[in-house]
Amino acid sequence: MCGRYTLMIERAALEDRFDARFADSSEEFTPRYNMSPGQRLPVITNDAPETIQTFEWGLVPSWADDDKNGLINARAETVDEKPSFRAAYERRRCIVPADGFYEWVDTENGKQPYRVAFDDDRVFAMAGLWERWEPDDATTQAGLDAFGGGVADDGSEDGPLETFTVVTTEPNDLVSELHHRMAVILEPGREREWLTSDDPKSLLEPYSAEELRAYPVSRAVNDPSTDEASLVEPVES
């Protein structure tokens with residue numbers, strides 16, 4: 001599972017990294033240290049590759065009866081088969097910018113969070129899928145009761161809801177010590193291929209462990225309402 005991640009970069013640097021601009025020039029973006037399901041977060045979609053948009057984390061299929069229980073992850077092995085993801089895999093892929101993600105390990109003293117990132121904390125692209133859900137006349141849009149208690153922050157009323165999910169795969173040797181799944185990190189030179197290829201499933205492989213590090217961080221990250229730089233500082237496990 002990928003249930004929290006970080007993006008510790010300023011807006012201008014994020015736009016330069018992906019050669020894309022925020023859809024709303026007045027939209028604020030500041031470094032984030034605890035990005036959580038239910039929040040509106042930056043994505044780059046296949047139908048607008050030069051634009052950074054903010055969608056809600058927790059994919060709601062277009063055919064769903066309501067907008068509850070958004071799906072935060074999709075398994076790479078079955079993403080082209082599962083009804084919740086099949087159409088999105090074929091026609092609605094996205095890049096999810098990040099520079100690290102958290103995993104939790106069972107210890108004698110409870111679950112210990114770890115952050116996984118590149119040695120230099122550089123920004124990378126996670127493979128994602130997106131969807132647009134529209135309520136019918138009898139449906140009122142509601143926020144996602146998110147992983148760990150997060151609350152949707154889109155502030156919208158009735159109307160289309162655009163959501164995304166992060167694709168996961170088997171872990172590499174590093175992440176396997178922490179969890180049995182990891183987010184798909186796309187090779188920098190093949191990020192746009194994820195958006196444009198007819199069938200990019202070959203991209204959904206574990207990223208090499210050689211350039212990555214994992215280290216324990218404060219359990220304050222358990223609270224999705226806590227979002228501060230101290231969360232990414234190493235602690236003793």
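Keep in mind it's a predicted model, so treat the numbers as computed, not measured. Just the heavy atoms: all of them, side chains too, but no hydrogens, waters or symmetry mates, feed the values below. Throughout, residue positions are numbered sequentially from 1 according to the sequence presented.
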Problem - Lys/Arg-Asp/Glu bridge criterion (N-O < 4.0 Å) met for Asp199, Lys201 - result: no

Handout entry: Polar side-chain atom of Ser197 near backbone of Glu193 as donor-acceptor pair, under 3.5 Å
Key = no

Problem - Asn73 backbone acceptor or donor facing Thr165 side chain under 3.5 Å - result: yes

Practice task
Kindly state whether the ring of Phe118 and the ring of Tyr207 have centres lying under 6.0 angstrom apart.
Solution key: yes

Exercise for the section: Give a yes or no on whether the backbone of Ala88 and the side-chain of Trp130 come within a donor-acceptor separation of less than 3.5 Å. Expected result: no

Exercise for the section: Assess whether atom CD of Glu28 is packed by more than 12 heavy atoms of other residues, nucleotides or ligands within 6.0 Å. Expected result: no

Problem - Phe55 and Thr45: CA distance, side-chain angles, deciding distance, side-chain contact (heavy atoms from CB on, under 4.5 Å) verdict - result: CA-CA 10 Å; Phe55 289 1; Thr45 63; 3.7 Å; yes

Handout entry: Whether Arg115 side chain and Pro234 backbone form a donor-acceptor pair below 3.5 Å
Key = no

Problem - Glu81 with Arg86: basic N within carboxylate O range, under 4.0 Å - result: no

Handout entry: From CA spacing to verdict: side-chain contact (heavy atoms from CB on, under 4.5 Å), Val221, Tyr33
Key = CA-CA 9 Å; Val221 75; Tyr33 306 92; over 6 Å; no

Exercise for the section: Give a yes or no on whether the backbone of Leu203 and the side-chain of Arg190 come within a donor-acceptor separation of less than 3.5 Å. Expected result: no

Handout entry: Side chains of Thr163 and Trp133 in contact at under 4.5 Å (non-hydrogen atoms)
Key = no

Practice task
With sequence neighbours excluded, tell me which residues meet salt bridge (charged side-chain N to carboxylate O under 4.0 Å, His left out) with Glu103.
Solution key: none

Problem - Whether Asp227 side chain and Arg32 backbone form a donor-acceptor pair below 3.5 Å - result: no

Practice task
Answer yes or no: is there a donor N or O on one side and an acceptor on the other, between the side chain of Trp57 and the main chain of Arg4, under 3.5 Å?
Solution key: no

Practice task
State whether the side chain of Thr169 and the backbone N or O of Ala76 hold a donor-acceptor pair below 3.5 Å, judged by distance alone.
Solution key: no

Problem - Gln53 side chain reached by Pro42 side chain, heavy atoms, under 4.5 Å - result: no

Practice task
Test Thr107 against Asn109 for side chain to side chain donor-acceptor pair (under 3.5 Å), laying out the working first.
Solution key: CA-CA 5 Å; Thr107 72; Asn109 299 315; 5.1 Å; no

Exercise for the section: Give the minimum heavy-atom separation between Trp63 and Pro83, together with the two atoms involved. Expected result: NE1-O, 3.6 Å

Exercise for the section: Would you indicate whether the side-chain heavy atoms of Glu191 and Pro49 approach each other to under 4.5 Å? Expected result: no

Practice task
Spell out, as yes or no, whether a donor-acceptor pair under 3.5 Å connects the side chain of Thr54 to the backbone of Arg40.
Solution key: no

Handout entry: Minimum heavy-atom distance Asp99-Ala117, with the two atoms named
Key = O-CB, 3.3 Å

Handout entry: Beyond-backbone contact of Leu41 with Val96, side-chain heavy atoms, under 4.5 angstrom
Key = no

Handout entry: Nearest heavy-atom neighbours spanning Cys94 and Leu195
Key = CA-CD2, 3.6 Å

Handout entry: Residues Arg92 and Glu162 bridged, charged N to O under 4.0 Å
Key = no

Handout entry: Validation row: Tyr102, Thr6 side chains within 4.5 angstrom (heavy atoms)
Key = yes

Exercise for the section: Kindly indicate, with the supporting measurements, whether the criterion side-chain contact (heavy atoms from CB on, under 4.5 Å) is fulfilled by Tyr5 and Met126. Expected result: CA-CA 10 Å; Tyr5 64 96; Met126 298 188 293; 3.9 Å; yes

Problem - Atom CG of Asp121: over 12 foreign heavy atoms under 6.0 Å - result: yes

Practice task
Could you list the residues that satisfy side-chain contact (heavy atoms from CB on, under 4.5 Å) with Ser230, not counting sequence neighbours?
Solution key: Glu228

Exercise for the section: Say whether Asp223 and Ser225, considering side chains only, have a donor N or O and an acceptor N or O under 3.5 Å apart. Expected result: yes

Handout entry: Over all atoms of both residues, closest heavy-atom pair of Ala214 and Leu178
Key = CB-CD1, 3.9 Å

Exercise for the section: Kindly give the heavy-atom pair with the smallest separation between Leu231 and Thr226, and that separation in Å. Expected result: CD1-O, 3.4 Å

Practice task
On the 0 to 90° scale, with breaks at 30° and 60°, tag the Phe124-Phe101 ring pair as parallel, tilted or perpendicular.
Solution key: perpendicular

Completion exercise
Heavy atoms of Pro171 and Pro206 approach each other most closely as C-CB, 4.2 Å

Handout entry: Side chain to side chain, Arg219 and Gln112, heavy atoms closer than 4.5 Å
Key = yes

Handout entry: No-hydrogen, no-angle side-chain donor-acceptor test under 3.5 Å, Arg93 and Asn46
Key = no

Exercise for the section: Return yes if some donor-acceptor pair links the side-chain N/O of Gln39 with the main-chain N/O of Ser36 below 3.5 Å, else return no. Expected result: yes

